[in-house]
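Here is the structure we will look at.
Note that the numbering runs from 1 along the sequence shown for the chain. This structure is a prediction, so every number in the text was calculated from the model and none was measured.
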Amino acid sequence: MLNILAISGSLRAASTNSALVAALAHNAPPGCRVTVYDGLGRLPIFNPDDEGERTPPAASELIDAVTQADGVIISCPEYAHGVPGGLKNTLDWLVSRDAAVEKPAMLVHASPRSLFARAALAEVMRTMSFALCDHVLEIALLGKKPPDVEAILAEPKNRRAMHDALNAFAAFIRAR
């Protein structure tokens, strides 16, 4: 059983990125378990002085979750042509750890317009030594209200796309 950790880079209650990672968890194929990380808003601002024995419990939980996962999926909104601060802070807690080194990762997107954040996030993750999967899932949810988001994610073609993306990611993980 592959254990995949899914992280939404958004803190919004009605986040399309959070809806996408939740839908991935519900559409996981046999042999995969997708767990959604929900601690983004509880992480303190990263401070290198707070590493080691002083690592805050919320940061330790994140580090442990990434370490124990076979792979990580991130769905990231774009704010001002960049990665939102909360997600960047999350990644900063992993920088000096081994948790990210050669950890398989895949990016998924809820907006076709997040091109700057995609490039920035991929660059940050490569710099941190994540092993990025080439397969990218995009389901256009931008600007949709929660009932519409649910309906779009339940469409057979989108359920198939999620299933196919997770299978591709699973194959990537197993090939490493």
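Cluster membership check: Tyr79 does not share its hydrophobic cluster with Ile74, using side-chain heavy-atom separations under 4.5 Å among Ile, Leu, Val, Met, Phe, Trp and Tyr. Under the 4.5 Å side-chain heavy-atom criterion for Ile, Leu, Val, Met, Phe, Trp and Tyr, Val66 and Ile73 are members of distinct hydrophobic clusters. Note: the hydrophobic cluster containing Tyr37 also contains Val124 (ILVMFWY, side chain heavy atoms under 4.5 Å, direct or indirect links). Under the 4.5 Å side-chain heavy-atom criterion for Ile, Leu, Val, Met, Phe, Trp and Tyr, Met106 and Val36 are members of distinct hydrophobic clusters. In the hydrophobic cluster analysis, where Ile, Leu, Val, Met, Phe, Trp and Tyr join through side-chain heavy atoms closer than 4.5 angstrom, Leu5 is grouped together with Leu121.
Two residues are said to be in side-chain contact when any heavy atoms from C-beta on lie closer than 4.5 Å; Val108 and Glu138 fail this criterion. Within the 4.5 Å cutoff, the side chain of Met128 has heavy atoms near those of the Leu91 side chain.
Taking all atoms of both residues into account, the shortest heavy-atom contact from Gly71 to Ile173 is CA-CD1, 4.0 Å. Here the closest heavy-atom approach between residue Thr16 and residue Lys144 is recorded as CG2-O, 4.4 Å. The nearest pair of heavy atoms linking Phe172 to Ala131 is CE2-O, 3.4 Å.
With hydrogens and angles disregarded, a donor-acceptor distance shorter than 3.5 Å links the side chain of Thr127 to the backbone of Glu123. Side-chain atoms of Lys103 come within 3.5 Å of backbone N or O of Thr67 as a donor-acceptor pair. Between the side chain of Asn89 and the main chain of Pro44, a donor-acceptor pair closer than 3.5 Å is present. No donor-acceptor pair under 3.5 Å is formed between the side chain of Asn3 and the backbone N or O of Asp70. Panel note: side chain Ser18, backbone Ser15; no donor-acceptor pair is recorded below 3.5 Å. For Glu78 (side chain) and Ala117 (main-chain N/O), a donor-acceptor pair under 3.5 Å exists by modelled atom type. Proximity of a side-chain donor or acceptor of Asn17 to a complementary backbone N or O of Gly9 within less than 3.5 Å is not detected.
In the displayed structure, Arg176 atom CZ is contacted under 6.0 Å by more than 12 heavy atoms of other residues, nucleotides or ligands. In Asp98, the CG atom is not crowded: 12 or fewer heavy atoms of neighbouring residues, nucleotides or ligands sit closer than 6.0 Å.
Ser111 and Arg118 form no side-chain donor-acceptor contact under 3.5 Å, judged by distance and modelled atom types alone. A donor-acceptor pair shorter than 3.5 Å cannot be found between the side chains of Glu102 and Ser129.
Between Asp164 and Arg160 no salt bridge is recorded (no basic side-chain N to carboxylate O distance below 4.0 Å).
Taking the six-membered ring for Trp and thresholds of 30 and 60 degrees, Phe116 and His81 have nearly parallel ring planes, at less than 30 degrees apart.
Expressed to the nearest 0.5 Å, how far CG of Asp92 lies from CD1 of Ile45 amounts to 9.5 Å.
With respect to Cys76, the side chain to side chain contact (heavy atoms under 4.5 Å, CB included) criterion is satisfied by exactly one of Pro84, Ser114, Ser8: Pro84.
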